[in-house]
Amino acid sequence: MLKLRIFPQVTSILKRTMSTQEPDVLFESVSNAGIITLNRPKALNSLNTSMVTKLLPQLQEMENSKTLVIIKGAGDKAFCAGGDVKMAIDKVEGPIFFHTEYNVNYLIGKYKIPYIAFLNGITMGGGLGLSVHGRYRVATEKTMIAMPETKIGLFPDVGGSYFLPRLPVNLGLYLGLTGDRLKGKDVVKAGIATHFVSSKRLYELEKLLLRCTSDVEVDNLLNKFNEPPEEFSLAPNIKHINYCFAASTVEEIIERLEKVKNDWSVKTIETLHQMCPGSLKITMRALQRGAQLDLPQCLKMEYRLACRATENHDFPEGVRALLIDKDNKPQWQHKTLADVDEDYVEEYFKRLPQERELQFFDAKL
């Protein structure tokens, strides 16, 4: 089995987390299936370096020894509320975390056996990275998804530049820039989940999945449990989303929204003005480029952006204002979109020194 080249600093991080009694991620083997449970319910199962470092070799091993993998979150509030961004803003620990997390996303994207994520509860940021690249994503009435990174001075990562531009009717650009939330059956309508199953039936579904011996059986069983969709809650404004978010710049998106003049467009403009101006422009550029790239290329691009985010002002400042001091008054580097120039945006996308570029665990040496 191929091993990830682990940064030396990871060892000390793991030692710190392993001293706690309850494991932060659980791995079970039941007949032909592997079951993974993200086990930080009090933290809404948000990901840290310890968790992603354990996930990578276990997922590799399961791919070679099992016929399917189920991943779920402990408790009933969240599948995974994202990455632990208070840790991710650290200039040393942040890049280590992103490096391992993106390797996990990459592995899920090319997984050979059925990979089934139960998105029961809050699923944001890193939680989508652990699910949306896999073959099956099961939403319930408790599911709430969002990519809210522009609010904290970051950008939709974990392969967001790959999956968001591939959603229908410019929905991905809308979700990526505004951080808007989708719930329940809307998550299937948007193309993020593949199936909708009532949360009270998840236990039964899991037990029956464990008996499946082929990909066809898994597919048939999920289709049997799947409930028909309802009208998309964004349906009344889909044509506006498609038109406004087809624009080539954030400024032009806002101009188009101003022309729509309804409650939704007014609220959307207000939301965009609350986001980090630099993040909006970086996100727009990343999604435009990601539409032409494959998942590994997107993750390599995002890794450059993430490393630069830890070194710059906006990401640490956004986390401070929203999650640490909670004054909700971030002082962004740029006050307006007009202040964010082309050089600033392009600087984020430049290649890192070769030894700092994202390396995948199975890269040929």
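The figures here come from the full heavy-atom set of this structure, side chains too, leaving out hydrogens, waters and symmetry mates.
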> Just grab all the salt bridge (Lys or Arg N to Asp or Glu O under 4.0 Å) pairs involving residues 214-224, residues at least two apart or on different chains.
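Listed once each, the pairs are Arg135-Asp215.
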> For Glu63 and Tyr111, work out which heavy atoms get closest and say how close.
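Taking every non-hydrogen atom into account, N-OH, 3.3 Å.
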> Go through the structure and list residues passing side-chain contact (heavy atoms from CB on, under 4.5 Å) with Ala74, not counting sequence neighbours.
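For Ala74, the residues satisfying side-chain contact (heavy atoms from CB on, under 4.5 Å) (neighbours in sequence not counted) are Thr37, Asn39, Pro41, Asn45.
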> Nearest heavy-atom pair of Asn262 and His240: which atoms, and what distance?
ND2-CD2, 3.7 Å
> What heavy-atom pair brings Thr310 and Ala88 nearest, and what distance separates the two atoms?
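Reported closest heavy-atom pair: CG2-O, 3.3 Å.
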> Only counting residues at least two apart or in another chain, list the ones meeting side-chain contact (heavy atoms from CB on, under 4.5 Å) with Lys261.
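Not a single residue meets the side-chain contact (heavy atoms from CB on, under 4.5 Å) criterion with Lys261.
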> Got Lys300 and Leu293 here, is their nearest side-chain heavy-atom distance under 4.5 Å?
no
> Hydrophobic clustering (ILVMFWY, side-chain heavy atoms < 4.5 Å, transitive) - are Ile192 and Phe225 grouped together?
no
> With Ser198, which residues qualify under side-chain contact (heavy atoms from CB on, under 4.5 Å), at least two apart?
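Per chain and number, Ser198 pairs via side-chain contact (heavy atoms from CB on, under 4.5 Å) with Glu141, Lys200, Arg201, Glu227.
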> Taking distance alone, no hydrogens or angles, what donor-acceptor pairs closer than 3.5 Å link side-chain atoms of residues 168-185 to residues at least two apart or in another chain?
unit_1	atom_1	unit_2	atom_2	d
Asn170	ND2	Asn242	O	2.8
Asn170	ND2	Asn242	OD1	3.0
Tyr174	OH	Asp180	OD2	2.6
Tyr174	OH	Trp264	NE1	3.4
Thr178	OG1	Tyr174	O	2.6
Thr178	OG1	Asp180	N	3.1
Lys185	NZ	Pro228	O	2.8
Lys185	NZ	Glu230	OE2	3.4

> For the residue pair Gly134 and Tyr115, what are the closest heavy atoms and their distance?
CA-CD2, 3.8 Å
> Report yes if the side chains of Glu258 and Ile254 come closer than 4.5 Å at any heavy-atom pair, otherwise no.
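Side chain of Glu258 against side chain of Ile254, heavy atoms only: contact under 4.5 Å found.
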> Do Leu47 and Val104 pass the side chain to side chain contact (heavy atoms under 4.5 Å, CB included) test, and can you show the C-alpha distance, the side-chain angles, and the key distance before you say yes or no?
CA-CA 12 Å; Leu47 294 173; Val104 173; over 6 Å; no
> Are the side chains of Thr150 and Cys276 in contact, using a 4.5 Å heavy-atom criterion?
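Cys276 vs Thr150: side chains apart.
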> Suppose the criterion is salt bridge (Lys or Arg N to Asp or Glu O under 4.0 Å): which pairs have a residue in residues 321-332, not counting sequence neighbours?
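For residues 321-332, and leaving out neighbouring residues, the salt bridge (Lys or Arg N to Asp or Glu O under 4.0 Å) pairs sorted by first residue read Arg320-Asp325, Arg320-Asp327.
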> Report the C-alpha separation of Thr67 and Thr213 in whole Å, then their side-chain angles, then the decisive distance to 0.1 Å, and conclude whether the side chain to side chain contact (heavy atoms under 4.5 Å, CB included) test is met.
CA-CA 7 Å; Thr67 53; Thr213 55; over 6 Å; no
> Is there side-chain contact between Leu130 and Leu55, with heavy atoms separated by less than 4.5 Å?
yes
> Look at the side chain of Glu317 and the backbone N and O of Pro330, then say whether any donor-acceptor pair between them is shorter than 3.5 Å.
no
> Can you list every pair that meets ring-ring contact (aromatic ring centres under 6.0 Å, His included) and has a residue in residues 315-346, with sequence neighbours left out?
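ring-ring contact (aromatic ring centres under 6.0 Å, His included) check on residues 315-346 returns His334-Tyr344, Tyr344-Tyr348.
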> Indicate yes or no: does Arg40 engage Glu22 in a salt bridge with an N to O separation below 4.0 Å.
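The answer is no: the pair does not qualify as a salt bridge.
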> Side-chain contact, heavy-atom cut-off 4.5 Å: Leu352 with Tyr303?
yes
> If you look only at pairs with a residue in residues 269-284, which of them pass as a side chain to side chain donor-acceptor pair (under 3.5 Å), with sequence neighbours excluded?
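Found Glu251-Lys281.
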> Restricting to pairs with a member in residues 152-168, which pass salt bridge (Lys or Arg N to Asp or Glu O under 4.0 Å), not counting sequence neighbours?
none
> Just checking Lys335: does its NZ atom have more than 12 heavy atoms from other residues, nucleotides or ligands closer to it than 6.0 angstrom?
yes
> Take atom NZ in Lys267; do more than 12 heavy atoms of anything else shown fall under 6.0 Å from it?
no
> Going from CG on Leu221 to CD on Glu204, what distance comes out if it is rounded to the nearest 0.5 angstrom?
8.5 Å
> Roughly how far apart are His133 NE2 and Cys298 SG, rounded to 0.5 Å?
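So the gap between those two atoms works out to 9.0 Å.
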> Would you compute the distance between atom OG of Ser131 and atom CZ of Phe118 and round it to the nearest 0.5 angstrom?
12.5 Å
> Out of curiosity, does Ile108 fall in the hydrophobic cluster containing Leu167 (side-chain heavy atoms, cut-off under 4.5 Å, transitive links)?
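Per the 4.5 Å side-chain linkage, Leu167 and Ile108 are co-clustered.
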> Drop me the distance from Phe196's CZ to Leu222's CG, to the nearest 0.5 angstrom.
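Separation between the atoms: 14.0 Å.
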> Is a side-chain donor-acceptor pair under 3.5 Å present for Asn120 with Thr140?
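Result is yes, a qualifying pair exists.
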> Does Asn48 reach the main-chain N or O of Ser50 with its side chain, forming a donor-acceptor pair under 3.5 Å?
yes
> Are Ile152 and Met87 grouped together when hydrophobic residues (ILVMFWY) are joined by side-chain heavy atoms under 4.5 angstrom apart?
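Yes: a chain of side-chain contacts under 4.5 Å links Ile152 to Met87.
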> Measure across Pro165 and Gly160 and return the closest heavy-atom pair with its distance rounded to 0.1 Å.
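Pro165 and Gly160 have their closest heavy atoms at CD-O, 3.5 Å.
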> In the structure I gave you, are the side-chain heavy atoms of Phe163 and Met147 within less than 4.5 Å of one another anywhere?
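Contact flag for Phe163/Met147 side chains = yes.
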> Under the criterion side chain to side chain contact (heavy atoms under 4.5 Å, CB included), I'd like the reasoning laid out for Phe79 against Ile71: C-alpha separation, chi angles, the key distance, then a yes or no.
CA-CA 9 Å; Phe79 167 63; Ile71 186 166; 4.0 Å; yes
> Consider only side-chain heavy atoms of I, L, V, M, F, W and Y, link residues closer than 4.5 Å, and tell whether Leu44 and Leu119 are in one cluster.
no
> I need the Leu68 CG to Leu210 CG distance, nearest 0.5 Å.
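Here the rounded value is 7.0 Å.
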> Mind checking whether Ile113 and Tyr106 sit in one hydrophobic cluster, side chains of I, L, V, M, F, W, Y counted as touching below 4.5 Å?
yes
> State whether a side-chain donor-acceptor pair under 3.5 Å links Asp339 with Thr336.
yes
> Any non-hydrogen side-chain atom of Glu252 less than 4.5 Å from a side-chain atom of Arg256?
yes
> How about Asp263: does its CG atom have over 12 heavy atoms from other parts shown lying under 6.0 Å from it?
no
> Which pair of heavy atoms, one from Gln359 and one from Gln354, lies closest together, and at what distance?
NE2-NE2, 3.7 Å
> Do Ile116 and Val69 come close enough that some side-chain heavy atom pair is under 4.5 Å?
no
> Which residue pairs pass the salt bridge (Lys or Arg N to Asp or Glu O under 4.0 Å) test when at least one of the two sits in residues 69-90, sequence neighbours left out?
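Passing the test, one end in residues 69-90: Lys72-Glu206, Asp76-Lys142.
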> Excluding sequence neighbours, so at least two apart, what forms ring pair (Phe, Tyr, Trp, His ring centres under 6.0 Å) with Tyr102?
Phe98
> I'd like to know whether Thr53 forms a side chain to side chain contact (heavy atoms under 4.5 Å, CB included) with Ile96, so could you lay out the CA-CA distance, the side-chain angles of the two residues, the decisive distance to 0.1 Å, and finally the verdict.
CA-CA 10 Å; Thr53 305; Ile96 295 169; over 6 Å; no
> Nearest 0.5 Å please: distance from the CD1 atom of Ile241 over to the OG1 atom of Thr268.
7.0 Å
> Quick one: list whatever passes side-chain contact (heavy atoms from CB on, under 4.5 Å) with Arg285, sequence neighbours left out.
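So Arg285 forms a side-chain contact (heavy atoms from CB on, under 4.5 Å) with Gln288, Arg289, Glu342, Val345, Glu346, Phe349.
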